Amino acid sequence: HVQLVESGGGSVPVGGSLRLSCVSSVGYVFSSHCMGWFLQAPGKEREGVAALNIDGKTTYADSVKGRFTISQDSAKNTLYLQMDSLNPEDTGMYYCAAGRLRNGYCYSLLNRLAYNNWGQGTQVTVS
């Protein structure tokens, strides 16, 4: 079981930036899991915003393309989400997730059903 701990959330003005971090308890997580960031806005379902497949390929929701960047630092067991040009629609709880491979790859990376390990979340408020 992979334990994930997010940090870096906070309150920022419209147009501001934040960088979220997600530290894994498992050192080999990036070589054996796909990783994703999800947003759960108030009153809405949890939705995928960015994901990183096992081959390094990234996937983004249309709403964040060009503004958010997902990356990893394997030496630090850490996943990042750089968020720029934030707007009020980006407000909510951000969760980091890790998903097991299926036949050596991950599919439907913005679907929460692709993941089986979740962090506790970090709150982002844009106003």
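We're numbering straight along the sequence, starting at 1. None of these values were measured; they are calculated from a predicted model.
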One should read off an interatomic distance between Cys106 SG and Arg100 CZ, to the nearest 0.5 angstrom, of 10.5 Å
Interatomic distance, CD@Gln82 vs OG@Ser17, rounded to 0.5 Å, equals 6.0 Å
By side-chain hydrogen bond (donor to acceptor under 3.5 Å, both in side chains), Lys57 pairs with (sequence neighbours left out) none
Distance col, row Phe30:CZ vs Thr78:OG1, nearest 0.5 angstrom, shows 6.5 Å
- Check: Thr69 and Tyr80 side chains under 4.5 Å, non-hydrogen atoms: no
| message | Is the shortest side-chain heavy-atom distance between Trp37 and Leu52 below 4.5 Å? | response | no
For Arg112, the side-chain contact (heavy atoms from CB on, under 4.5 Å) test, sequence neighbours excluded, returns Phe38, Arg46, Trp118
Value for CG (Asn116) from NE2 (His33), rounded to nearest 0.5 Å, stands at 6.0 Å
One should read off an interatomic distance between Ser24 OG and Met35 CE, to the nearest 0.5 angstrom, of 6.0 Å
> Any side-chain heavy atom of Val5 sitting closer than 4.5 Å to one from Gln120?
Replying inline: yes
| query | Does a side chain donor of either Asn53 or Tyr107 reach within less than 3.5 Å of an acceptor in the other side chain? | reply | no
The side-chain hydrogen bond (donor to acceptor under 3.5 Å, both in side chains) partners of Ser74 (sequence neighbours excluded) come to Gln72
Exercise for review: Please examine the side chains of Val124 and Asp90, heavy atoms only from C-beta on, and report whether any two atoms are closer than 4.5 Å.
Suggested key: no
Note to self: Please check: side-chain N/O of Glu6 versus main-chain N/O of Cys96, any donor-acceptor pairing under 3.5 Å?
What the structure shows: yes
field: Val2 reachable from Ile70 in the ILVMFWY side-chain graph, under 4.5 Å edges
entry: yes
Keeping the roles fixed (side chain from Thr122, backbone from Ser7), state whether a donor-acceptor pair exists under 3.5 Å.
no
Partner of Phe68 under side-chain contact (heavy atoms from CB on, under 4.5 Å), picked from Thr58, Leu20, Leu86, Asp84, is Leu86
Side-chain contact, heavy-atom cut-off 4.5 Å: Val14 with Val126?
yes
d(Tyr94 OH, Gln123 CD) to nearest 0.5 Å is 9.5 Å
